[in-house]
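Heads up, the thing below is written out as structure tokens.
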Amino acid sequence: MLNLKFIQDNPELVIDKLKRKNFDASEIVSTIIDLYAQKNKLQGQADQAKAEMNKISKDIGLLFREGKQEEANAAKARTSELKENIKQFDVDFADIEAKVNDLLVQLPNLPHDSVPQGKGEEDNEVITSVGEIPTLHEKALPHWELAQKYNLIDFELGVKLTGAGFPVYRGKGAQLQRALINFFLAEAAKAGYEEVQPPLVVNEDSGFGTGQLPDKEGMMYHITAENLYLIPTAEVPVTNIYRDVILDAKDLPYKNTAYSACFRREAGSYGKDVRGLNRLHQFDKVEVVQIAHPDKSYEVLNEMVKHVTGLVEKLGLPYRILRLCGGDISFTSALTYDFEVYSAAQKKWLEVSSVSNFESFQANRLKLRFREDGVKKPQLAHTLNGSALALPRIVAALLENNQTPEGIKIPDVLVPYTGFEIID
RNA sequence: GGAGAGGUGCAGGAGUGGCUUAACUGGCACGCCUGGAAAGCGUGUGUACCGCGAAACGGUACCGGGGGUUCGAAUCCCCCUCUCUCCGCCA
């Protein structure tokens, strides 16, 4: 959520910057500014009326104590009109405030200056592309066939138990999952992230805090009986650890990592993009989150990009890094780098990580602030997060790229975690 | 699931309608005292919004959330929510 004062002070800037997200904010911004002025005027009137009321009430109390019944009753008579006015002010005020909030949550975050213009994924900017694209032998298989051939993942069984998009990993397939999770967590620990194990289910406040609600309500599974949501990413519970807190500037940045299962409804997805592990309703991911000082948040973003780069390099996967264009970047993000690995049998790039700086957009909703030493007024912190990494597409690429006639070779770095070197 | 007790400031904790400007204790900050410190003494100690260019200052709101009664609510009434204790069930 953008800051109301900031919008009021910089309406042109807001409108101009949001153009790069292909969002026409002119109407919303001018309405907000208009309503804001009305709100302030009303608040002035209401506050004055309340101040008067408080004064009279206090006087009545004093008069009663002194036994001056008649004067007290006379004073009482004067309050009824005031009371009516206050009631009306409060109703109008609440109404305007609700309208302002409604509009405010509709505005996306302002993109960073480096975000390229563009409509969709075809306009994303490729920053780097590293690693050789492997040439596979003629009988090379896509990962869903390899998974079946080596009995690693049973998609059909998942359909029986739950439905499409909920695969059952088994044998070395299941062990590979566990190995990757442990590898990613160990790497995050080395990079100074504190591991947390958050709940996989969150309440409405948490969903709102990170921006899944109300904008992307359809992405989450909703437990209506308790009004709770299955997390679409560990970003939600982990970032919400810092909801409604005031931190010390000297303690920044806070660094957390978490493994979690992630649940996404992915309503409307279909076709070959969802084949195999490409898109699931439940998948595993290790997430990294940082709470940073506003002056440092882009340094932190680079540090996180570097961390994720290390992971894909150690796994020996060909990868590229994209800077998302205005049309593809998320509602809440100011700058996002996507990591894609090459899946050699499918012959396409698969997104495995998204590393973003949300600046103060989430923090404003979360009321996540920090205080500079000796400064009275707290200010909003910056929040960042990134996948490090999401498993399914990594598994897809590993299976496809590392297949040989003898079996699937496990990258050296993973062997201590899997306990085996080859799947055959 | 059943019964009961609770939610007050940075923390503990008092407060059953107006001398509450939320007592008191502790923590923390600053000052006095000291060669320096401790002790002691004194002062201060939240958040949001509004007014002002900013600060100082002033106003309003906030005692889990929402609504109600009243001239006046932390206090009385209603609804919701969360926590704790006991019982039941249970990995």
Side-chain angles (χ1 to χ4, degrees), chain A residues 1-10 32-105 197 199-209 213 222-229 237 240-251 261 360 362-381:
Chain A
M1 189 162 67
L2 294 176
N3 189 282
L4 188 52
K5 263 226 167 76
F6 182 84
I7 296 172
Q8 192 197 26
D9 294 343
N10 310 282
I32 285 178
I33 290 174
D34 191 41
L35 288 173
Y36 189 49
Q38 287 180 45
K39 180 177 95 87
N40 287 354
K41 193 174 160 212
L42 257 177
Q43 184 171 356
Q45 292 171 325
D47 283 359
Q48 202 185 344
K50 284 176 185 173
E52 205 176 321
M53 186 65 127
N54 288 344
K55 171 89 171 60
I56 292 174
S57 294
K58 197 171 260 181
D59 289 347
I60 290 174
L62 286 171
L63 288 172
F64 271 125
R65 219 172 300 119
E66 291 165 12
K68 298 176 180 168
Q69 300 282 336
E70 278 177 35
E71 282 181 55
N73 285 325
K76 267 194 202 180
R78 288 190 287 128
T79 59
S80 62
E81 193 191 346
L82 255 182
K83 215 175 168 183
E84 278 306 306
N85 289 344
I86 288 172
K87 210 169 208 170
Q88 194 55 49
F89 285 140
D90 279 348
V91 169
D92 294 346
F93 184 80
D95 184 51
I96 287 184
E97 201 168 40
K99 279 184 188 158
V100 170
N101 267 331
D102 271 0
L103 293 172
L104 217 45
V105 297
Q197 245 189 63
L200 304 183
V201 175
V202 293
N203 58 28
E204 214 172 355
D205 285 346
S206 295
F208 183 80
L213 298 174
H222 187 194
I223 304 168
T224 51
E226 342 280 343
N227 195 27
L228 298 173
Y229 295 86
N240 272 282
I241 291 173
Y242 303 97
R243 166 154 51 85
D244 226 354
V245 295
I246 299 175
L247 307 167
D248 259 336
K250 63 174 163 41
D251 294 333
S360 62
Q362 287 182 331
N364 195 27
R365 289 189 178 202
L366 292 160
K367 293 195 178 62
L368 161 48
R369 290 163 295 174
F370 71 97
R371 205 191 314 264
E372 214 75 74
D373 201 31
V375 179
K376 210 169 183 185
K377 200 170 166 55
Q379 53 176 316
L380 294 171

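The chains referred to below are lettered A, B, ... by the order of the sequence lines, with proteins before strands, and numbering in each begins at 1.
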Just how far, in rounded Å, is [atom2] of [N] from [atom1] of [X]?
{"X": "A/E204", "N": "B/U81", "atom1": "CD", "atom2": "P", "result": "13 Å"}
{"X": "A/I246", "N": "B/A48", "atom1": "CD1", "atom2": "P", "result": "6 Å"}
{"X": "A/E97", "N": "B/A48", "atom1": "CD", "atom2": "P", "result": "15 Å"}
{"X": "A/K76", "N": "B/C71", "atom1": "NZ", "atom2": "P", "result": "6 Å"}
{"X": "A/K39", "N": "B/A48", "atom1": "NZ", "atom2": "P", "result": "14 Å"}
{"X": "A/L35", "N": "B/C49", "atom1": "CG", "atom2": "P", "result": "18 Å"}
{"X": "A/F89", "N": "B/A61", "atom1": "CZ", "atom2": "P", "result": "14 Å"}
{"X": "A/K50", "N": "B/A48", "atom1": "NZ", "atom2": "C1'", "result": "13 Å"}

Check: Starting at the 5' end of RNA chain B and moving along, which residue's nearest nucleotide shows up first, A/K5 or A/E52?
Finding: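 First, find each residue's nearest nucleotide; the 5'-ward one identifies A/K5.
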
Checklist line | Closest-nucleotide 5' rank along RNA chain B - winner of A/N40 and A/Q48 | finding: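 The residue mapped nearer the 5' terminus is A/N40.
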
Quantified in whole Å, what is the [atom1] atom distance between nucleotide [N] and nucleotide [M]?
{"N": "B/C77", "M": "B/C82", "atom1": "P", "answer": "22 Å"}
{"N": "B/C63", "M": "B/G17", "atom1": "C1'", "answer": "16 Å"}
{"N": "B/G65", "M": "B/A74", "atom1": "P", "answer": "12 Å"}
{"N": "B/A22", "M": "B/A61", "atom1": "C1'", "answer": "16 Å"}
{"N": "B/G35", "M": "B/U45", "atom1": "P", "answer": "31 Å"}
{"N": "B/G44", "M": "B/G51", "atom1": "C1'", "answer": "26 Å"}
{"N": "B/A5", "M": "B/C89", "atom1": "C1'", "answer": "22 Å"}
{"N": "B/U21", "M": "B/G9", "atom1": "C1'", "answer": "15 Å"}

Just call it for [X]: base, sugar-phosphate, or nothing, with non-hydrogen atoms closer than 4.0 Å on any strand.
{"X": "A/I60", "value": "base"}
{"X": "A/Y36", "value": "sugar-phosphate"}
{"X": "A/D59", "value": "nothing"}

Notebook entry, point to check: How long is the span from the CG atom in A/L200 to the CG atom in A/L228, to the nearest 0.5 Å?
Noted result: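 One gets 12.0 Å once the value is rounded to the nearest 0.5 Å.
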
Item checked: Distance (rounded to the nearest 0.5 Å) between A/I7 CD1 and A/Y36 OH ->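 It comes to 10.0 Å.
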
What is the base-pairing partner of [N], counting Watson-Crick and G-U wobble geometry with both distances under 3.5 Å?
{"N": "B/G17", "answer": "none"}
{"N": "B/A22", "answer": "none"}
{"N": "B/U85", "answer": "B/A3"}
{"N": "B/G40", "answer": "B/C32"}
{"N": "B/A48", "answer": "B/U60"}
{"N": "B/U69", "answer": "none"}
{"N": "B/C90", "answer": "none"}

Closest to the [X] side chain: [options]?
{"X": "A/K58", "options": "B/C71, B/U60, B/U21", "value": "B/U21"}
{"X": "A/N54", "options": "B/G18, B/A61, B/G59", "value": "B/A61"}
{"X": "A/K83", "options": "B/U60, B/C49, B/C71", "value": "B/C71"}
{"X": "A/M53", "options": "B/G51, B/C71, B/G59", "value": "B/C71"}
{"X": "A/R369", "options": "B/A48, B/G59, B/G72", "value": "B/A48"}
{"X": "A/S57", "options": "B/C71, B/G46, B/C50", "value": "B/C71"}
{"X": "A/A51", "options": "B/G72, B/G51, B/G59", "value": "B/G59"}

Check: Backbone N or O of A/S206 within a donor-acceptor pair of the A/N203 side chain at under 3.5 Å?
Finding: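 Present.
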
Checklist line | Intermediate values then yes/no, side chain to side chain contact (heavy atoms under 4.5 Å, CB included), A/K99 and A/D95 | finding: CA-CA 6 Å; A/K99 279 184 188 158; A/D95 184 51; 3.5 Å; yes

Next item on the list: Start with the C-alpha distance between A/D90 and A/K50, add both sets of side-chain angles, then the distance that settles side chain to side chain contact (heavy atoms under 4.5 Å, CB included), and finish with yes or no.
Entry: CA-CA 10 Å; A/D90 279 348; A/K50 284 176 185 173; 3.2 Å; yes

Margin query: I'd like to know if A/D9 pairs up with A/K5 as an ion pair, taking the criterion as any Lys NZ or Arg NE/NH1/NH2 lying under 4.0 Å from an Asp or Glu carboxylate oxygen.
Written below: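 No, this pair does not count.
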
Item checked: Any A/R371 side-chain nitrogen or oxygen under 4.0 Å from OP1 or OP2 of B/U47 ->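 So the side-chain polar atoms of A/R371 do come within 4.0 Å of the phosphate oxygens OP1 or OP2 of B/U47, strictly under.
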
Next item on the list: Could you check A/E97 against A/N101 for side chain to side chain donor-acceptor pair (under 3.5 Å), going step by step and ending with a plain yes or no?
Entry: CA-CA 6 Å; A/E97 201 168 40; A/N101 267 331; 5.7 Å; no

Item checked: Heavy atoms of other groups near A/E372 CD, more than 12 under 6.0 Å ->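 Counting neighbours around CD of A/E372, more than 12 heavy atoms of other residues, nucleotides or ligands fall under 6.0 Å, so yes.
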
